[in-house]
Amino acid sequence: MENNKTTQMDEHRSIEIISKMIAQTSADIDRESGKYFLLWGYTTVIVSLFEFFAQTAGLDRIVCAWCWWLIPLIGGLGTLWLSYKANNGHERRPKSYIDRSISAVWQVFGLSWGMVLIAALVYGTNILFLTVVMMSMGTVITGKICQHRVLSITGKISMVLSLIFPAKHLLVREYGIALRDSGSEMIEYILYSEIIIFALIFTVMMVVPGHILYNRAKKLRNA
Amino acid sequence: MLKPLDPLLHSELRLAIVSILLGVESADFVYIRKQTGATAGNLSVQIDKLHKAEYISVDKGFNGKMPRTTCSITPKGREAFAEYVERLKEYISPK
């Protein structure tokens, strides 16, 4: 794009340049958001599946409980690495107002989730339901800020899917004892299956939209 | 009669720079160079022209030992761009 072409530039070329530059810059911002969703989505899904197999295999409960900490540990370190790369690499990506808003939203949700986690450790309660609800809220807000329908939709779907946890609790409370008394081994799987549900919801909430955002941005960037 | 387009913005490279900066808080020199495909020398000259016209602000600093130039659009630049687009509309569909 050399300056000597300026005198011959017509209005259509101007529009073309404006559209192309705005689209490319916005694609770069989208691609970056996609990376964070993929990082947290895959980390949660993989650690959850590991938890499921560890618990059904009869691994020590305390060890299993500590394994959940791998999610914030890997996700947190990955986030730091991604943001370091974005801000300190040779080609530092542009800073946008949207980035700042999204970052603020997730900082608040991350901090709140940390408080919930500490409280859950003290009270010994299960926080899978609360985690899904909180992260769905963050996903919907991110979708609204970036005007990405896919994030808003998957966030809302996950919010609805979170109701599976109380529904399952109700079912186990009503019929679980009867199943256990009948000697069914299925009860163990039913009890642990909420981890699989948790992993599936995170796949819908973060992995799928993460891939969509990343690929869409990549396609737009190469267009 | 159609009003003339702002000559400072009616240039491929300068228009591209302003278009990039429009949607972001700030952008790095290297990033703008990659997006526009311009040479470093030419880009420096055009950034300087936009800076002198107060359409963009330029912040020169260091990242470790590496020099770093960051650009961002000013309110005056944003206004000039809006005006440019308005006039462009008149060129495309004159009343």
Side-chain angles (χ1 to χ4, degrees), chain A residues 1-33 82-105 145-148 213 216-223, chain B residues 2 5-39 41-50 59 61-64 66 68-73 81-82 84-85 87-94:
Chain A
M1 199 174 282
E2 299 299 323
N3 194 43
N4 54 13
K5 288 180 190 168
T6 57
T7 45
Q8 290 84 36
M9 187 168 81
D10 66 5
E11 56 273 20
H12 294 288
R13 177 71 183 135
S14 299
I15 298 280
E16 195 187 311
I17 291 170
I18 295 168
S19 320
K20 191 180 166 197
M21 290 302 138
I22 291 175
Q24 277 184 2
T25 313
S26 132
D28 281 340
I29 293 167
D30 287 358
R31 193 168 53 175
E32 211 59 26
S33 315
L82 280 178
S83 74
Y84 176 81
K85 239 180 78 176
N87 295 316
N88 294 282
H90 173 61
E91 181 207 322
R92 196 167 57 154
R93 71 180 209 89
K95 277 185 186 158
S96 73
Y97 304 101
I98 290 177
D99 283 343
R100 211 192 309 182
S101 315
I102 293 172
S103 164
V105 166
I145 294 172
C146 316
Q147 295 184 321
H148 285 312
L213 277 186
R216 192 194 287 165
K218 210 171 150 188
K219 219 183 270 176
L220 206 66
R221 189 74 185 76
N222 297 330
Chain B
L2 293 170
L5 292 165
D6 184 344
L8 209 59
L9 289 179
H10 198 57
S11 125
E12 282 199 24
L13 188 48
R14 288 195 294 268
L15 185 62
I17 297 167
V18 174
S19 301
I20 291 169
L21 296 177
L22 203 70
V24 297
E25 220 175 309
S26 63
D28 197 55
F29 181 87
V30 183
Y31 178 82
I32 300 172
R33 197 181 62 174
K34 197 182 164 195
Q35 294 288 92
T36 56
T39 62
N42 192 12
L43 185 61
S44 277
V45 172
Q46 305 314 322
I47 284 179
D48 199 42
K49 281 184 185 172
L50 289 168
D59 182 39
F62 282 88
N63 177 34
M66 297 283 286
R68 169 152 284 167
T69 305
T70 312
C71 307
S72 47
I73 194 161
F81 184 82
Y84 178 81
V85 172
R87 291 195 181 173
L88 212 56
K89 279 186 201 164
E90 289 171 19
Y91 273 78
I92 292 168
S93 51

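Keep in mind that the numbers below use all heavy atoms, side chains included, and drop hydrogens, waters and symmetry copies. Everything numeric in this text was worked out from a predicted model, so none of it was measured. Below, chains carry the letters A, B, ... as their sequence lines are ordered, and counting in each starts from 1.
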Exercise for the section: Pick whichever of B/Ala27, B/Pro7, B/Ser26 has the most heavy-atom pairs under 4.5 Å with chain A. Expected result: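 Result: the option with the highest number of such pairs is B/Ser26.
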
Exercise for the section: Go through the structure and list residues passing salt bridge (charged side-chain N to carboxylate O under 4.0 Å, His left out) with B/Asp6, not counting sequence neighbours. Expected result: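 Result, salt bridge (charged side-chain N to carboxylate O under 4.0 Å, His left out) vs B/Asp6: none returned.
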
Counting only heavy atoms closer than 4.5 Å, note whether [X] contacts chain A via side chain, backbone, both or neither.
{"X": "B/Leu22", "value": "side chain"}
{"X": "B/Phe81", "value": "side chain"}
{"X": "B/Val85", "value": "side chain"}

Handout entry: Per-residue contact mode, A/Ile98 against chain B (heavy atom under 4.5 angstrom)
Key =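 Neither part.
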
Problem - With sequence neighbours excluded, residues passing side-chain contact (heavy atoms from CB on, under 4.5 Å) with A/Ser101 - result: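 Once residues adjacent in sequence are excluded, the partners of A/Ser101 under the side-chain contact (heavy atoms from CB on, under 4.5 Å) criterion are A/Ile145.
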
Problem - Flag for A/Ser96-A/Asp99: side-chain donor and acceptor within less than 3.5 Å - result: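 A/Asp99 vs A/Ser96: donor-acceptor pair found between side chains.
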
Problem - Where B/Cys71 and B/Leu21 come nearest, the two heavy atoms and their spacing - result: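 For B/Cys71 versus B/Leu21, the nearest heavy atoms are O-CD2, 3.4 Å.
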
Handout entry: Cationic N near anionic O, under 4.0 Å, A/Arg13 to A/Glu16
Key =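 A salt bridge is present here (some side-chain N lies under 4.0 Å from a carboxylate O).
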
